[in-house]
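One structure is given below, encoded as structure tokens.
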Amino acid sequence: QSALTQPPSVSGSPGQSVTISCTGTSSDVGSYNRVSWYQQPPGTAPKLMIYDVSDRPSGVPDRFSGSKSGNTASLTISGLQAEDEADYYCISYSGSYTWVFGGGTKLTVL
Amino acid sequence: QVQLVESGGGVVQPGRSLRLSCAASGFTFSSHAMHWVRQAPGKGLEWVTFTTPDGNTQSYADFVKGRFTTSRDNSKNTLYLQLNSLGPDDTAVYFCARDFTAKYTVDYWGQGTLVTVSS
């Protein structure tokens, strides 16, 4: 159960697009289309943004999109807005009712 | 609306125990699996444990090593996490979270309760 690998930080200007990667192994990300992404502003609980690699819960803007290739999943935020500034975490199902998170990525909107 | 309210956190000495509770409302608690996730100060999220809707099956992260036990009382709409043999590395905010049925992820989170392990 090693943590998934995310870049510590990414940044972008308003209106731009950013992509956050989440690299796992053939035991988690590579084996299951069960990758989710959470947004966590400072001092708050995480909010589900993407599930099942690319599905959005109701209420999440379509500026947020997800994808996966092999052992790496990605979250893309297009049309960046100041309110998107937060920490982002990926999580993958890893079998036998266990899950593993990524280390988190701090998104800064310049 | 879905509400998850954790309680029971506090300061505890190394080696001691603590029991956390999570009161659920706004949904049919007995129909949902539940998770505990923790977050050390300034660090990332870490999945801790999962329990099925009926409480008959649990799973744990490797670092738990038999020290933690999750349970639930569906008659009280409450989830529990028993923390034993606590060490400084267990200092964290512990979140209770609802399983997103059939999606193998979490959809709703509580606000968390802080556990500080210190002498």
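We name chains A, B, ... by the order of the sequence lines, and we start the count at 1 in each one.
- For A:Ser96, the part sitting under 4.5 Å from any heavy atom of chain B is the backbone (N, CA, C, O) and nothing else.
- With hydrophobic clusters built from ILVMFWY side chains whose heavy atoms lie under 4.5 angstrom apart, B:Leu18 shares a cluster with B:Phe63.
- Only the side chain of B:Gln39 comes within contact range of chain A, with at least one heavy atom under 4.5 Å from a heavy atom of that chain.
- Heavy-atom pairs under 4.5 Å with chain B were tallied for A:Gly103, A:Pro46, A:Gly104; the largest tally goes to A:Pro46.
- Proximity to chain B (any heavy atom under 4.5 Å) is restricted, for A:Gln40, to the side chain, taken from C-beta onward.
- Under 3.5 Å, the side chains of B:Asn84 and B:Ser17 contain a donor-acceptor pair of N or O atoms.
- Residue contact with chain B, scored on non-hydrogen atoms closer than 4.5 Å, involves the side chain of A:Tyr51 exclusively.
- When each of B:His35, B:Lys103, B:Gln111 is scored by its heavy-atom pairs under 4.5 Å with chain A, the top score falls to B:Lys103.
- Between A:Asp62 and A:Arg56 there is no salt bridge, since no side-chain N of the basic residue sits under 4.0 Å from a carboxylate O of the acidic one.
- Of the two parts of B:Tyr104, the backbone and the side chain both hold a non-hydrogen atom closer than 4.5 Å to a non-hydrogen atom of chain A.
- When heavy atoms are compared at a cutoff of 4.5 Å, B:Tyr108 does not approach chain A at all.
- When hydrophobic clusters are built by joining Ile, Leu, Val, Met, Phe, Trp and Tyr residues whose side-chain heavy atoms come closer than 4.5 Å, directly or via intermediates, B:Val93 is grouped together with A:Tyr38.
- Ion pair A:Asp84/A:Arg63 flagged as a salt bridge, since at least one NZ, NE, NH1 or NH2 atom sits closer than 4.0 Å to an Asp/Glu carboxylate oxygen.
- Classification of B:Arg38 and B:Asp90 as a salt-bridged pair holds, one side-chain N sitting under 4.0 Å from a carboxylate O.
- The cationic atom of B:Arg19 (NZ for Lys, CZ for Arg) lies less than 6.0 Å from the six-membered ring centre of B:Tyr80 and within 45° of the ring axis.
- No part of A:Tyr32 comes within reach of chain B, as not one of its non-hydrogen atoms sits under 4.5 angstrom from that chain.
- With a 4.5 angstrom heavy-atom cutoff, B:Thr57 touches chain A only via side-chain atoms.
- A:Ser67 is listed as a side-chain neighbour of A:Ser74, based on a closest heavy-atom distance under 4.5 Å.
- Of the two parts of B:Val106, the backbone and the side chain both hold a non-hydrogen atom closer than 4.5 Å to a non-hydrogen atom of chain A.
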